[in-house]
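Single-structure report; data block below.
Quick note on labels: first sequence line is chain A, next is B, and so on, each numbered from 1. None of the values given here were measured: they were computed from a predicted structure.
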Number of protein chains: 2
Amino acid sequence: MEEKTKARSIPFARTRDHHANETAEDYVEAVADIIAKSGECRVLELARHFNVSHVTVSRIVKRLQNERLLHSQPYRPIELTPKGATLAKRVRERHQVVLDFLIAIGVDKRNAEIDSEGIEHHVGLKTLAAMKRFLKG
Amino acid sequence: MEEKTKARSIPFARTRDHHANETAEDYVEAVADIIAKSGECRVLELARHFNVSHVTVSRIVKRLQNERLLHSQPYRPIELTPKGATLAKRVRERHQVVLDFLIAIGVDKRNAEIDSEGIEHHVGLKTLAAMKRFLKG
DNA sequence: CGCAATCCGTAGCCATTGCTACATTTTAGA
DNA sequence: TCTAAAATGTAGCAATGGCTACGGATTGCG
Ligand SMILES: [Mn+2]
Ligand SMILES: [Mn+2]
Ligand SMILES: [Mn+2]
Ligand SMILES: [Mn+2]
């Protein structure tokens, strides 16, 4: 999305970018959470977490491993690389801000949890900062 | 018989639903806007709008036609069905609320336009109502 | 009128993320 | 120990949305 790009088309290109990062963000966040909760993260645990088949998880884990966010050996638990752990921390904090923010403006917890799961990936630095200001003020 | 879905997996399933509707929502909104602005909506105009190739637009238009949201004949302008027009109206209003809301909490216009393009599709009725309350209050 | 530019459709490629069915490995219990 | 269950991997299919290349239709202009 460079020079000749019409201004009105930029938001759509950015949204496509957000979606391209979404799986990675949700997976590292999930791996961090599951390890924090139960000590290790298994393919089947991720499958239950996202309510998808273990096959889907297995393939995505392989891709994220190529991107150096995770590592795992066959039939072994999944772990985060330093890069993955850094991303997980950032994503988890952003998710928490979005969730707290929705609750702060009066959304019930259940709907805040649902909507924040999708919204988080589209919250840029400026919007995140605005939400933090709102929560502090 | 229904399987008992784990509570923590529900937000992800809902997010997948939101994404499944996203293209339809953005396209009917774009068609409505383009017709309002220039009288008719052409494949190439949509391609410029989203910054994708005309081939991508053409295939998606065909799918949305099967879903009775649009109709078009080869080499003719694209029009909204009543169903499509109804959806466009709802989507456009929701988008406007999200955009106004982001600006109201202090996000600059440019970033509000970018983030709202993705966020809109994840804003459920409860969250939308909360945003409207905030804007009125 | 006629032709060239423009618009649009089709063919066919890729990546991603769903799935089921089946194969293989690991683990746990009798 | 040793075998059955559980966990994981592999094969292969579908839908969606990106793309380029190319061909046909429409339109505008000289
Ligand atoms: Mn998410
Ligand atoms: Mn999340
Ligand atoms: Mn999204
Ligand atoms: Mn949008």
Side-chain angles (χ1 to χ4, degrees), chain A residues 1-2 4-5 9-28 30-31 34 38-67 69-79 117-118 121, chain B residues 3 5 9-28 30-31 34 38-67 69-79 117-118 121:
Chain A
M1 47 193 207
E2 302 303 325
K4 291 182 184 178
T5 302
S9 76
I10 291 176
F12 297 105
R14 295 291 300 275
T15 297
R16 290 193 292 270
D17 284 345
H18 295 158
H19 286 155
N21 299 325
E22 176 156 351
T23 301
E25 291 175 351
D26 280 337
Y27 270 67
V28 297
V31 171
I34 289 168
S38 70
E40 67 173 31
C41 179
R42 289 292 186 164
V43 167
L44 269 185
E45 201 53 45
L46 285 170
R48 280 186 282 262
H49 185 86
F50 293 117
N51 196 29
V52 297
S53 73
H54 78 279
V55 183
T56 296
V57 170
S58 199
R59 192 180 341 89
I60 289 171
V61 163
K62 190 179 297 180
R63 177 169 73 75
L64 298 182
Q65 203 165 4
N66 289 338
E67 296 175 12
L69 291 168
L70 309 176
H71 63 88
S72 74
Q73 295 166 303
Y75 300 95
R76 307 298 312 193
I78 295 151
E79 290 171 13
E117 194 58 68
H121 309 282
Chain B
E3 283 300 317
T5 302
S9 76
I10 291 175
F12 299 104
R14 295 292 299 275
T15 297
R16 290 193 292 270
D17 284 345
H18 295 158
H19 286 155
N21 298 327
E22 175 156 353
T23 300
E25 291 175 351
D26 281 337
Y27 270 66
V28 296
V31 171
I34 290 169
S38 71
E40 67 174 29
C41 179
R42 290 291 186 164
V43 167
L44 269 186
E45 201 52 46
L46 285 171
R48 280 186 283 263
H49 185 87
F50 293 117
N51 195 29
V52 297
S53 74
H54 78 279
V55 183
T56 296
V57 170
S58 202
R59 194 180 339 89
I60 289 171
V61 163
K62 189 180 298 180
R63 178 169 72 76
L64 298 182
Q65 204 164 6
N66 289 338
E67 296 175 13
L69 290 168
L70 310 175
H71 64 88
S72 74
Q73 293 166 304
Y75 300 95
R76 306 303 307 272
I78 295 151
E79 289 171 14
E117 193 58 68
H121 309 282

*Nearest-nucleotide comparison on DNA chain D, the residue closer to the 5′ end among R42(A) and R16(A)*: R42(A)
_S58(B) or I60(A), whichever maps to the more 5' nucleotide of DNA chain C_ = S58(B)
_To the closest 0.5 Å, what do you measure between NE2 (H19(B)) and CD (E25(B))?_
10.5 Å
*asked:* Within this structure, what is the CD-NE2 distance for the pair E45(A) and H54(A), rounded to the nearest 0.5 Å?
replied: 14.5 Å
*asked:* With side-chain contact (heavy atoms from CB on, under 4.5 Å) as the test, pick out the partner of V43(B) among V55(B), I78(B), I60(B).
replied: I78(B)
*Is there a side-chain contact between I10(B) and E117(A), using heavy atoms and a 4.5 Å cut-off?*
no
*First-last contacting nucleotides on DNA chain C - partner chain A, under 4.0 angstrom, heavy atom*: dT16(C) to dT26(C)
*asked:* Does R59(B) reach a base, just sugar-phosphate, or nothing at all? Heavy atoms under 4.0 Å.
replied: base
*CZ (R14(B)) with more than 12 external heavy atoms under 6.0 Å*: no
*In terms of ring plane angle, is the pair Y27(B) and F50(B) parallel, tilted or perpendicular, where the classes change at 30° and 60°?*
parallel
*Taking the side chain as every heavy atom from C-beta outward, state whether H121(B) and T15(A) have any atom pair closer than 4.5 Å.*
no
*Please tell me if the side chains of E22(A) and H18(A) come closer than 4.5 Å, counting only heavy atoms from C-beta onward.*
no
*Exceeds 12 heavy-atom contacts within 6.0 angstrom, atom CZ of R63(B)*: yes
*asked:* How long is the straight-line distance from CD of Q65(A) back to NE2 of H71(A), given to the nearest 0.5 Å?
replied: 8.0 Å
_With a strict under 4.0 Å distance from non-hydrogen atoms of chain B, what nucleotide opens and what nucleotide closes the contacted stretch of DNA chain D, reading 5' to 3'?_
dT16(D) to dT26(D)
*Positions of residues 50-57 of chain A (non-hydrogen atom under 4.0 Å from DNA chain C), listed by number*: V52(A), S53(A), V55(A), T56(A)
